[in-house]
Amino acid sequence: MTDTIDNIGKDFIRQIIIADNASGKHDGNVVTRFPPEPNGYLHIGHVMSICLNFGIAEEFNGRCYLRFDDTNPVKEDQDFVDSIMADVHWLGFDWEDRLTHAADYFEDLYSCAVKLIEDGKAYVDSLSAGQIREYRGTLTEPGKDSPHRDRSVEENLDLFRRMRAGEFDDGAYVLRARIDMAAPNMNLRDPALYRIRKINHQQTGNAWSIYPMYDFAHTVSDALEGITHSLCTLEFEDHRPLYEWILDNLDLPNRPRQIEFSRLNVAYGITSKRKLAALIEGGFVSGWDDPRMPTVAGMRRRGYTPQSIRNFVRNAGVTKKDKLIEMGALENCVREDLNQIAPRAMAVLNPLKVVFLNHPQGEMEMLPAMNHPNNPELGVREIPFGREIFIERDDFMEDPPRKFFRLRPGGEVRLRYAYIIKCVDVIKNDAGEILEVHCTYDPDTKSGRPGADRKVKGTIHWVSADESVTVEVRLFDRMFTLANPDANHEGKTVADFLNPDSLNVVSEARVEPALVGMEPGTHVQFERLGYFLIDTKDSQPGQPVFNRVVTLRDSWAKIEKAQLAEI
RNA sequence: UGGGGCGUAGCCAAGUGGUAAGGCAUCGGGUUUUGAUCCCGUGUACCGCAGGUUCGAAUCCUGCCGCCCCAGCCA
């Protein structure tokens with residue numbers, strides 16, 4: 001593992017770890033943590049961090065903590081901690097006994113703050129939030145010292161103790177690090193360490209009336225847990241000097257190293273918690289687990305698998321370059337996984353009735369169909385075939401373009417696992433709409449018999465008109481009309497970029513009867529249509545609701561588009 | 001106009017001074033009772049630009065350009 005050859009092709013973070021292990025920096029220990037704030041649901045961006053932190057711990061025989069960064073009780077909630085734990089487990093990672101909270105360290109944090117005060121490295125400020133902002137200066141002008149910056153250690157200690165005791169109102173005082181008001185890095189202009197918040201905390205109740213700020217709590221928590229490599233996203237790069245300053249000025253048992261990587265963004269999606277919440281509040285989606293949401297809960301409900309999401313993240317890589325990855329890359333991983341495991345079945349989304357004029361009335365037969373053409377172990381099922389069936393409206397065209405090899409007047413097509421049929425008549429209403437299609441079927445071409453070997457251009461899917469069951473199917477499309485709705489578009493809100501067709505509910509789809517007994521949460525491929533999941537929330541016994549996870553790749557759609565472009 | 005970071009093909013990404021891997025997408029072709037799967041093949045990437053060092057530069061140096069982040073008592 002210390003061989004330099006092993007570095008080749010590894011991402012820069014793993015290379016650093018390999019080098020650290022080689023030099024004996026942490027005695028070969030690798031300890032990481034995933035530190036979410038419980039103020040929202042996990043999304044695809046978090047998955048990157050989860051896979052990195054837990055994945056690295058696994059690979060290097062290390063440990064990974066799940067630590068809730070719960071330092072701001074006004075925004076945090078137990079529902080969020082529950083959902084985060086469920087999501088991390090679902091993704092396939094295990095923190096074992098390493099579930100912690102920043103709140104576990106509140107007492108230690110307090111002691112650390114006292115030490116900083118005693119050393120003259122921190123002071124209690126009485127400036128208001130607005131005044132502090134004014135004193136901070138701007139990006140190009142230095143700030144100026146607070147008039148309270150030189151309070152005596154005794155006075156600071158007394159004030160800080162009374163802040164804890166709840167003697168003051170919110171905002172009356174704040175504990176600040178004493179660093180440099182002229183620092184070019186804004187994070188070093190005497191950043192706040194503690195603020196007063198007289199509010200119940202979901203872990204500590206009313207035990208505290210002051211809460212530590214992120215930079216302070218996070219750094220000390222990392223050190224106390226023995227974190228060796230503290231991995232975070234790029235926006236915290238500017239905070240690293242403060243992270244180092246805190247480590248330099250406290251006697252902590254361990255010195256972690258912060259390393260930053262770029263976030264993962266998926267085109268046509270968002271990862272801003274505020275915007276995600278706005279979608280819910282605006283009623284544009286049904287909740288955090290709406291199948292269109294880029295949350296882990298949404299992807300699970302939609303039918304994405306943990307394996308496919310993990311593969312996607314692995315393919316994306318770890319770098320410091322801004323990423324905006326095409327949706328197709330994610331969908332491809334989903335297809336790749338589902339292709340292996342999903343049994344096949346037939347369903348018709350937009351039914352068109354076909355009547356076989358040469359089929360005896362009232363007779364019905366059962367035809368065997370493979371549950372997976374490339375994997376015979378998945379077995380065979382029987383599907384009913386009779387005088388009347390439904391086919392997809394799109395699979396019949398009166399006046400088709402070239403290269404269309406499905407059903408047309410006078411033309412032949414093969415019915416999957418059944419017979420070759422021929423269209424002999426088209427029945428329309430007065431408005432010219434097609435009501436049904438009359439065909440003949442060729443009994444000699446029954447699937448599996450020698451007569452079935454005849455070459456026919458197309459094969460289409462179908463269901464029995466009498467024996468199929470009507471179900472609801474939900475089709476999803478991208479949530480937004482812009483590839484990067486997360487970017488700043490001045491004056492616009494997410495509502496301005498919503499795709500009005502992101503949800504298409506098909507209430508009268510027809511499926512094989514065998515599907516009705518399947519459990520919610522089961523994946524299935526509807527042949528030629530896509531992969532579907534039986535919805536875990538809205539399905540009722542005997543009344544499944546199907547979510548389309550992703551379509552199959554569709555080369556006909558490309559040909560059709562190209563032909564349209566020629567016109 | 002302060003500080004920090006990033007620029008290798010449409011999207012990701014390897015490359016760590018010796019002459020540009022790989023994946024996805026695209027476009028061809030083969031197999032196929034899913035226009036799926038599977039299998040083959042397919043890219044002159046002025047390595048952001050311009051100079052310099054070197055026998056040799058995507059890799060080192062200088063200057064420039066473009067994009068991202070930072071002025072919460074949020075994380």
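Chain letters run A, B, ... following the sequence lines, proteins first, then strands; residues in each count from 1. Computed over heavy atoms, backbone and side chain alike; hydrogens, waters and symmetry mates excluded.
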Note: for K446(A) and P36(A) on RNA chain B, the residue whose nearest nucleotide lies more 5' is K446(A)
Reckon F526(A) touches a base, only the sugar-phosphate, or nothing at all at heavy-atom distances under 4.0 Å? nothing
If we ignore angles and hydrogens, is there a donor and acceptor under 3.5 Å between the side chains of Q258(A) and Y243(A)?
no
Kindly indicate whether the side chain of R406(A) and the base of G35(B) share any N or O donor-acceptor pair separated by less than 3.5 Å? yes
### Query
Just checking A557(A): base, sugar-phosphate only, or nothing, at a heavy-atom cut-off of under 4.0 Å?
nothing
Is there a donor and acceptor pair, one atom on the side chain of H239(A) and one on the base of A75(B), closer than 3.5 Å? yes
- Message: So D238(A), base contact, sugar-phosphate only, or nothing? Heavy-atom distance under 4.0 Å.
- Response: base
Taking the C1' atom in each of U32(B) and A36(B), what is the distance between them to the nearest angstrom? 10 Å
- Can you say whether the rings of F385(A) and Y419(A) are parallel (under 30°), tilted (30 to 60°) or perpendicular (over 60°)? tilted
Check your understanding: In terms of side-chain heavy atoms, does T71(A) have a donor or acceptor partner in R197(A) at a distance below 3.5 Å?
Key -> no
Margin query: Suppose you measure atom P in U1(B) against the same atom in C64(B); what distance do you get, rounded to whole Å?
Written below: 10 Å
Separation between the P atoms of C24(B) and U62(B), rounded to whole Å
40 Å
Notebook entry, point to check: Is any side-chain heavy atom of I391(A) closer than 4.5 Å to a side-chain heavy atom of L407(A)?
Noted result: yes
- Message: I'd like to know if N315(A) reaches the base of G23(B) with its side chain, counting only an N/O donor and acceptor under 3.5 Å.
- Response: no
message = Under 4.0 Å, counting only non-hydrogen atoms across every strand here, what does Y417(A) touch: a base, just sugar-phosphate, or nothing?
response = base
| message | At less than 3.5 Å, do the side-chain atoms of E326(A) and the base atoms of G10(B) form a donor-acceptor pair? | response | yes
Give me the ring orientation class for Y214(A) and H218(A): parallel if the planes are under 30° apart, tilted from 30 to 60°, perpendicular past 60°.
parallel
Requested in this report: Check whether the side chains of D125(A) and S146(A) place a donor and an acceptor atom closer than 3.5 Å, and report yes or no.
Outcome: yes
Taking C24(B), G4(B), A75(B) as options, the one with an atom nearest any side-chain atom of Y214(A) is A75(B)
Rounded P spacing from G48(B) to A20(B) in Å: 16 Å
Checklist entry - Which part of the nucleic acid does F404(A) contact within heavy-atom distance under 4.0 Å: base, sugar-phosphate only, or nothing? => result base
- prompt: Which part of the nucleic acid does A129(A) contact within heavy-atom distance under 4.0 Å: base, sugar-phosphate only, or nothing?
  reply: base
Note to self: If you define the side chain from C-beta out and look only at heavy atoms, does anything of N371(A) sit under 4.5 Å from R344(A)?
What the structure shows: no
Winner on side-chain proximity to L324(A), out of G72(B), C12(B), C24(B), is C12(B)
Closest of U34(B), G2(B), C73(B) to the P373(A) side chain is U34(B)
*asked:* What's R414(A) touching, base or sugar-phosphate or nothing? Going by heavy atoms closer than 4.0 Å.
replied: base
Centroid under 5.5 Å and tilt under 30°, W556(A) to G35(B)
yes
Q. Using atom C1' of each nucleotide, how far apart are C46(B) and U8(B) to the nearest Å?
A. 12 Å
Base-paired stretches in RNA chain B with three or more consecutive Watson-Crick or G-U pairs, both distances under 3.5 Å, amount to B:2-7 with B:65-70, B:10-12 with B:22-24, B:27-30 with B:38-41, B:48-52 with B:60-64
Requested in this report: Using a 4.0 Å heavy-atom cut-off across all strands, classify G130(A) as base, sugar-phosphate, or nothing.
Outcome: nothing
> Checking all strands, does K273(A) fall into the base, sugar-phosphate, or nothing category for heavy-atom contacts under 4.0 angstrom?
Replying inline: nothing
Original post:
In terms of ring plane angle, is the pair Y110(A) and F160(A) parallel, tilted or perpendicular, where the classes change at 30° and 60°?
Top reply: parallel
Quick note, N339(A) side chain, CB onward, closest among G35(B), A36(B), U37(B) is U37(B)
Separation of C74(B) atom C1' from R133(A) atom CZ, nearest Å, is 14 Å
Side-chain contact check for R416(A): nearest option of C24(B), G35(B), U33(B) is U33(B)
Expected label for G22(B) (glycosidic angle, syn inside 90° of 0, else anti) would be anti
Among A71(B), A75(B), C27(B), the one nearest any side-chain atom of D69(A) is A75(B)
Q: Indicate, with a heavy-atom threshold strictly under 4.0 Å, whether L552(A) touches base, sugar-phosphate, or nothing.
A: base
Heavy atoms only, 4.0 Å cut-off, all strands: where does Q15(A) land among base, sugar-phosphate and nothing? base
Between the side chains of D190(A) and Y135(A), does any donor sit under 3.5 Å from an acceptor?
-> no
Exercise. Taking the six-membered ring for Trp, are the ring centroids of F106(A) and Y211(A) within less than 6.0 Å of each other?
Worked result: yes
Of G35(B), C12(B), A75(B), the nucleotide closest to the side chain of A316(A) is C12(B)
**Report entry** Side-chain donor/acceptor of S447(A) to base of U33(B), under 3.5 Å
**Finding:** yes
Scan side-chain atoms only and decide if E235(A) and T233(A) contain a donor-acceptor pair under the 3.5 Å cut-off. yes
Touch check for S262(A), heavy atoms < 4.0 angstrom, all strands: base, sugar-phosphate only, or nothing?
nothing
Check: What does Q525(A) touch in the nucleic acid at a heavy-atom separation under 4.0 angstrom: a base, only the sugar-phosphate, or nothing?
Finding: base
If you look at every strand shown and take non-hydrogen atoms under 4.0 Å, does T138(A) touch a base, only sugar-phosphate, or nothing?
base
Among C24(B), C73(B), G3(B), the one nearest any side-chain atom of N185(A) is G3(B)
Contacts of L415(A) and G317(A) projected onto RNA chain B by closest heavy atom; the upstream (5') one is G317(A)
Would you say R344(A) places a side-chain N or O within less than 4.0 Å of OP1 or OP2 belonging to A36(B)? no
Practice item. Using only side-chain N and O atoms of R553(A), determine if any of them is under 4.0 Å from OP1 or OP2 of U37(B). Key: yes
